[in-house]
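Reminder, nothing fancy here: chain letters follow the sequence lines and each chain counts from 1. Heavy atoms only: backbone and side chains are in, while hydrogens, waters and symmetry mates are out.
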Amino acid sequence: MTDAAVHAVNPDQQARVRLSGREICKSFGPAQVLFDVSIDLHAGEVHALLGENGAGKSTLVKILSGYHQPTSGALSLDQAEVTFEDSEVAENHGVILIHQELNLAEQLTVEENIFLGREIKRGWFLDKAAMRAEAKKLLDQLQCDVDPRTRIKDLAVSDRQMVEIAKALSKNADILILDEPTAVLTGREVDILFDQIRRLREQGVAILYISHKLDEIKAIADRVTVLRDGRLITTEPVAEVEKDDMARLMVGRDIKQMFPDRAPVEAHDVAMSVRNLSVDGQVRDASFDLRRGEVLGFAGIVGAGRTALMEAIIGLRDRSSGEIERNGEPVSIHSLQDAKKCGIAYLTKDRKGSGLLLNMDMRPNLTLLALEKFGTVILNRKAEEAALANAIEAFDIRAADPKAKVGDFSGGNQQKLLLAKVMETDPEVVIIDEPTRGIDIGTKSQIYHFIGDLTKRGKSVILLSSEMPEMLGLSDRIAVMAAGRITGILEGNDRNEHEIMRHATGISGKQGVSVHE
Amino acid sequence: MSSLERSEASTSSGFNIDFKALGPFLALVGLFVLGTVINDAFLSGGNLSNIFTRAAFIGIIAVGATFVITAGGIDLSVGSMAAFISGAMIVVMNTLVATLGAGIETVLIGVVLSVLLGIAAGAVNGLVSTKGKIEAFIVTLGTMGIYRSLVTYMADGGTLSLDFDVRGVYRPVYYGDILGIPVPVLVFFAVAVAGYVLLNMTPFGRKCFAIGSNEQVARYSAIHVDRVKTLTYVIQGLCVSVATIIYVPRLGSASSSTGVLWELEAIAAVIIGGTMLKGGYGRIWGTVIGAIMLTTIGNILNLTDAISNYLNGAVQGLIIIVAVFLQSGDWRRKKSK
């Protein structure tokens with residue numbers, strides 16, 4: 001399916017306004033977060049909503065889907081004014097918001113989740129067979145190969161996303177709002193999702209698509225609305241705006257240099273080397289050298305074994321064989337504590353689930369990993385406060401209230417705090433898994449420069465990322481994994497998207513992986 | 001009173017925070033005012049001393065429970081554990097009378113035994129739940145039954161009584177005082193201070209908060225999660241043993257009905273004090289006040305004819321529910337912002 005074919009939508013249909021918001025304002029207490037924002041969603045159109053963290057995107061979509069009430073302004077559905085008292089009313093009108101943090105009951109099965117609260121009954125009893133058949137049909141439609149009887153807790157995050165979409169489809173949603181749906185998806189899953197979105201568009205569904213990712217918006221959206229600081233900046237056809245323009249509109253200034261300059265590193269100065277490391281069923285015979293001061297990227301499709309390899313290096317996963325050397329000396333790492341002693345730190349990609357204590361403020365979060373530094377018997381609170389002041393300065397953490405719970409922080413500030421937390425241990429090797437997931441472009445660039453600064457101070461970085469521009473822009477070399485093996489380490493001119501995909505797919509003979517434009 | 005507190009809590013966020021920290025204290029002050037109004041004798045030295053001495057048992061155990069609950073666990077076995085340790089102490093001390101006589105040595109050996117048993121029982125709870133990966137609720141429900149049945153077995157279904165001469169030597173530990181303050185109250189205070197320092201000022205305490213808040217984050221922060229959790233149960237066991245040491249001279253006996261429902265009173269004291277039952281946030285002073293409140297309620301009911309003393313449990317239950325309601329109401333407001 002070519003893009004041209006997809007975009008050739010019937011103009012009459014395109015012009016059909018389904019849901020619109022007029023001059024919407026929203027205040028929470030004294031703080032106004034939306035100022036006179038208007039937006040139209042058309043049938044058979046993908047409408048992208050773009051903006052930095054805190055620009056008001058989430059608030060706007062929550063108003064459109066009945067989770068919040070506007071302070072002033074009005075909603076209309078098919079030209080008639082409408083009020084969504086709550087999300088249920090919105091859903092009854094066919095408007096469904098799929099949250100970034102998925103709302104599924106983890107202990108229930110896929111089919112039970114899809115029909116939660118709307119179970120198909122036969123007399124007084126549940127008609128499980130009917131629900132299973134219907135769930136299977138919906139999942140097949142999404143090309144999602146998941147057994148409806150699986151429990152949600154046993155599913156990958158990407159599959160859970162598909163279940164959410166299946167659930168929305170089962171409610172006959174014809175106005176679908178997706179809040180950063182690809183934040184947790186891999187390249188192939190993004191392709192499937194996009195195919196699905198295109199199919200829904202052809203069926204006349206109006207789709208509001210929230211994202212930070214300019215590539216995605218270019219690939220999938222027909223029109224884009226940019227929000228900044230709660231204000232509507234512009235709404236334009238995507239074909240008429242370049243990515244650079246979108247970035248500028250979103251940030252409100254030019255981003256001079258997205259990525260830091262890279263200095264050449266000494267090939268023989270090895271900070272860490274991994275020899276013949278295997279993990280049962282996950283990683284086979286992986287060997288590589290990490291040079292001092294370099295960023296070594298690790299690319300590969302999900303399931304290629306990147307995370308398993310890193311977890312094996314830092315002692316979170318059992319190795320079946322293999323050695324690790326630091327500065328030429330063999331080291332024994334069997335736990336995260338061992339890794340810490342060897343100067344290896346790991347930045348999790350799951351900053352909410354395994355990175356930060358969301359119900360606490362910044363200070364205990366910052367010092368948690370390096371607690372012994374702040375006292376072995378009694379914690380030195382002053383030293384902690386000083387470390388926090390330093391971290392706020394060094395990593396530009398912008399918290400209105402330093403005593404606020406970090407769960408209330410934006411993703412960017414959380415990520416900066418997580419980086420600061422890991423750096424408290426003063427590691428020499430930093431393994432960073434998805435450094436900018438769910439973070440706006442301005443903060444992204446900042447984090448890239450922080451990573452650049454680390455290498456200038458002689459730290460060595462291993463970077464895992466599903467974002468190709470990030471991988472290419474930051475890494476000095478890129479190791480590619482496929483089916484548990486390192487299939488190549490790309491340097492110089494080989495460091496490009498084509499070579500990466502060739503190594504990630506071709507060698508292992510896996511088919512069906514494509515790169516979306 | 002509860003509705004008054006609630007409206008005060010919801011007026012502004014500034015008040016809200018004050019309320020959270022001071023709530024239990026204000027409630028206790030309210031109870032004291034109520035007690036004084038009901039009966040002049042309430043504020044007499046003898047009565048206050050009685051309240052604090054009785055609060056010491058539950059209070060000391062509840063300080064331990066604050067650690068367990070803050071780290072996201074629960075220990076249901078403390079009442080049975082106290083009964084079992086009492087029984088073991090009495091049996092051993094009675095046996096020793098024949099060889100060592102009824103002196104200080106006999107009592108000291110009993111005390112050491114109590115400490116060792118408390119540590120061991122706590123370690124069993126901690127290790128089985130962490131290494132065996134079984135919910136603490138289930139593990140301690142099991143050990144609750146085990147410890148209870150052990151004391152019944154030791155007493156052969158009846159009552160174990162401490163040798164009369166040993167009782168005389170041991171008596172000051174409960175009935176004695178230093179500068180007019182009863183020994184149990186001093187011990188309670190010491191345990192609370194130690195608990196406060198340990199929970200709020202040491203790396204160990206910080207780790208308890210972290211684990212209770214999010215175990216996965218703690219794991220990824222290079223914390224020995226199993227070790228810290230097990231230690232919280234050991235601290236709980238130690239606190240039970242200390243409480244038992246001052247309890248034994250009070251009655252001089254142990255039976256299958258010793259310490260019944262203490263676990264619930266201890267947990268109630270912790271929760272009333274503002275510690276989150278789901279873990280991640282704990283307050284030792286809140287716990288101390290919670291324990292004193294529970295005892296005070298019973299005391300006030302003793303001093304008045306308005307409500308039957310038999311309704312003590314009902315009033316306590318009501319207070320617990322109101323306390324937790326206030327906490328959860330607070331959560332909802334924060335979330336909806």
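Heavy-atom contacts from other residues, nucleotides or ligands closer than 6.0 Å to CD of Glu88(A) number 12 or fewer. A 6.0 Å sphere centred on CG of Asp229(A) holds no more than 12 heavy atoms belonging to other residues, nucleotides or ligands. Heavy-atom neighbours of Glu372(A) CD from other residues, nucleotides or ligands within 6.0 Å: above the threshold of 12. At most 12 heavy atoms of other shown residues, nucleotides or ligands fall within 6.0 angstrom of atom CZ in Phe189(B).
If you measure heavy-atom distances from Phe209(B) to chain A, the contacts under 4.5 Å come from both the backbone and the side chain. Proximity to chain B is limited to the side chain of Glu384(A), based on heavy atoms less than 4.5 angstrom apart. With a 4.5 Å cut-off on non-hydrogen atoms, Ile223(B) touches chain A through its backbone and its side chain both.
When every heavy atom of Ser213(B) is checked against every heavy atom of Met360(A), the shortest pair comes out as CB-CE, 3.9 Å. Residue Leu316(A) comes nearest to Tyr220(B) through the heavy atom pair CD1-CE2, 3.5 Å, listed as atom of the first residue, atom of the second, then distance.
Within residues 410-420 of chain A, no residue has any heavy atom closer than 4.5 Å to a heavy atom of chain B. By a heavy-atom distance cut of under 4.5 Å, Tyr346(A), Thr348(A), Lys352(A), Gly353(A), Ser354(A), Gly355(A), Leu356(A), Leu357(A) are the residues of residues 345-357 of chain A near chain B, going up by number.
In this structure, the side chains of Pro203(B) and Leu379(A) come closer than 4.5 Å at one or more pairs of heavy atoms. Side-chain contact between Asn359(A) and Asn214(B): absent, with no pair of heavy atoms (C-beta onward) separated by less than 4.5 Å.
Screening Thr367(A), Thr425(A), Val422(A), Leu369(A) for a side chain to side chain contact (heavy atoms under 4.5 Å, CB included) with Ser221(B), the sole residue that qualifies is Leu369(A).
Ranked by heavy-atom pairs shorter than 4.5 Å toward chain A, the options Arg219(B), His224(B), Lys207(B) are led by His224(B).
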